[in-house]
2 protein chains.
Amino acid sequence: MAHVEEAPAAMIDRVASLLESFVGERPLTLAELARRSHVPRSSAHRILQRLVELGWVERKEFTYTLGVRMFELGSQFTRRRTVPRAAVAVMAELHRRRGLTVYLSMLVGAEIMHLERIGSWPSASGQWGAGARQPVPLTAPGRALLATLSPDRWPELRFGPAPTPYSIQSRSQLVRDLDRIRDRGGVAVDAQGIHRGVTVVAAPITTMDDDGHFALSVCGPTRALDLGATITEVRNAAATVWRVANGVPTLRPLPQPSVELQLANGGPA
Amino acid sequence: MAHVEEAPAAMIDRVASLLESFVGERPLTLAELARRSHVPRSSAHRILQRLVELGWVERKEFTYTLGVRMFELGSQFTRRRTVPRAAVAVMAELHRRRGLTVYLSMLVGAEIMHLERIGSWPSASGQWGAGARQPVPLTAPGRALLATLSPDRWPELRFGPAPTPYSIQSRSQLVRDLDRIRDRGGVAVDAQGIHRGVTVVAAPITTMDDDGHFALSVCGPTRALDLGATITEVRNAAATVWRVANGVPTLRPLPQPSVELQLANGGPA
């Protein structure tokens with residue numbers, strides 16, 4: 001097995017290229033996977049065969065998709081981190097109270113990656129789901145996190161094509177928005193900048209142990225959203241996650257399991 | 001690179017063994033990973049180095065954890081399937097209405113794997129989170145799915161140690177429970193069999209294209225759960241997911257984004 005030792009990187013890269021070729025929405029054929037991954041077809045076939053045996057890839061007739069084992073391993077990423085674990089109950093409570101879609105996102109390079117989502121607005125599709133990425137300057141979670149970092153710790157920001165006329169498209173627009181975020185006590189608001197008709201309100205969650213930069217956000221229809229109340233709710237929810245994640249005693253009772261009870265008590269507006 | 005071609009399986013297995021060693025709750029050292037994976041330490045070190053460069057593994061001082069790229073790839077598994085996509089909105093609505101924790105699970109061999117969870121009851125820990133597995137006979141989702149399969153299509157069932165005195169521990173107990181499930185129109189109820197004080201109510205979601213066996217379930221406190229109402233709700237929710245996933249027109253309006261509106265209209269009891 002000496003020859004295996006000699007070129008691990010090359011082989012790992014082939015496996016990685018093949019698995020990363022699956023990013024997309026539909027099953028792929030061997031020919032498509034070989035082309036996307038630049039792995040020779042015969043080698044790709046042998047590697048896929050082994051990955052199917054391991055449960056990392058599933059084969060159905062002539063197409064391949066990522067397998068359940070890959071999902072199981074990937075889910076370890078959030079299971080082991082304190083902020084995602086602490087956020088589960090808080091996000092569910094916020095969703096029950098306001099009926100708005102709630103996201104937990106993380107800074108990954110110059111993008112935001114969604115880790116958790118409760119609700120299906122503005123879309124149940126992959127673009128807004130867990131594992132999806134959005135550019136930092138375009139998003140409320142991204143800008144809420146930038147505002148917590150000194151510019152020398154910022155990732156390399158790209159200002160790509162603007163999805164709407166309200167999108168932030170330059171560094172000077174970004175800097176002005178960060179001032180507004182600081183005026184709001186750290187809460188970022190994106191009104192139709194990432195998607196027409198959609199307002200996103202985000203607050204940062206910074207951890208003491210430098211385990212990543214997280215943000216909690218809420219997504220609702222621009223025309224109907226009560227912005228003032230939402231800003232307060234998102235800020236409080238992010239603060240609660242921070243306290244739970246860092247083992248700091250909470251200042252108010254933990255969320256109750258029943259939404260009806262809270263509504264009866266005059267909870268949400 | 002001819003020597004790479006010769007032994008792909010051996011190299012893939014080393015990479016896979018290393019990555020699968022991460023299943024657990026805490027970061028691991030090189031020595032621990034080498035021991036768990038049975039990969040020689042020097043080889044493990046080189047492979048991990050490459051996986052860190054690819055973002056599949058993260059290194060923090062002397063320990064390793066699975067990386068964000070692994071999460072991103074794993075999330076493709078549910079993003080691309082019709083049932084998990086269709087379930088997002090229905091699960092959120094059910095959680096808003098009842099305040100109970102809602103699960104989407106899938107049959108994987110002789111186990112159930114949770115794919116999605118909304119809420120944090122009975123525990124926010126990994127054992128009840130997405131990616132966690134539970135044995136089929138012990139769980140309501142598992143038995144709801146068994147009841148849809150003829151016994152010749154059943155996985156090899158194991159009756160391990162019973163977590164509580166109410167757990168199903170033999171094939172004859174299981175068969176009696178499947179009769180009760182059929183009497184309930186396909187809905188399974190587990191009262192304290194998987195965990196003391198916890199009742200789980202589950203309904204199957206079978207797809208036309210054989211894309212997997214899914215179940216929707218709700219988890220609540222045994223003492224306070226309104227069993228009759230919950231059975232009806234879970235059965236209706238699973239039927240709605242089935243209709244959406246299969247493109248069948250719904251029989252009632254889709255869930256609204258605002259819980260307040262529904263409550264104002266006298267929605268939930």
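What you see is a predicted model; the values in this text were computed from it and never measured. Reminder, nothing fancy here: chain letters follow the sequence lines and each chain counts from 1.
Residue A/Leu73 comes nearest to B/Met70 through the heavy atom pair CD1-CE, 3.7 Å, listed as atom of the first residue, atom of the second, then distance. Counting all heavy atoms, side chain and backbone alike, A/Gln76 lies closest to B/Phe22 at OE1-O, 3.6 Å. Taking each heavy atom of B/Leu51 and A/Ile12 in turn, the nearest pair found is CD2-CG2, 3.9 Å. In this structure, B/Ala130 and A/Phe71 approach most closely via the heavy-atom pair CB-CZ, 4.2 Å.
Contacts between B/Leu115 and chain A at a heavy-atom distance below 4.5 Å involve backbone atoms as well as side-chain atoms. Interface remark: B/Glu20 contributes backbone and side-chain atoms alike to the contact with chain A (heavy atom separation under 4.5 Å).
Between chain B and the residues A/Ile118, A/Val88, A/Val68, A/Thr65, the largest count of heavy-atom pairs under 4.5 Å involves A/Val68. Comparing A/Ala132, A/Gly220, A/Gly129 by how many heavy-atom pairs each has under 4.5 Å with chain B, the most go to A/Ala132. Of all the listed residues (A/Ser75, A/Gly131, A/Ala92), the one sharing the greatest number of non-hydrogen pairs under 4.5 Å with chain B is A/Gly131. Highest contact tally toward chain B, considering only A/Leu19, A/Val15, A/Thr101, is held by A/Leu19 [criterion: heavy-atom pairs under 4.5 Å].
A/Leu54 is listed as a side-chain neighbour of B/Asp13, based on a closest heavy-atom distance under 4.5 Å.
Note: B/His95 and A/His95 have parallel aromatic rings, judged against thresholds of 30 and 60 degrees for the angle between ring planes.
Salt-bridge formation is not detected for the pair A/Arg96/B/Glu93: no Lys NZ or Arg NE/NH1/NH2 atom is positioned less than 4.0 Å from an Asp or Glu carboxylate oxygen.
Applying the ring pair (Phe, Tyr, Trp, His ring centres under 6.0 Å) test to B/Tyr64 and every residue at least two apart in sequence or in another chain returns nothing. The salt bridge (Lys or Arg N to Asp or Glu O under 4.0 Å) search around B/Arg133 returns A/Glu72, B/Glu111, not counting sequence neighbours.
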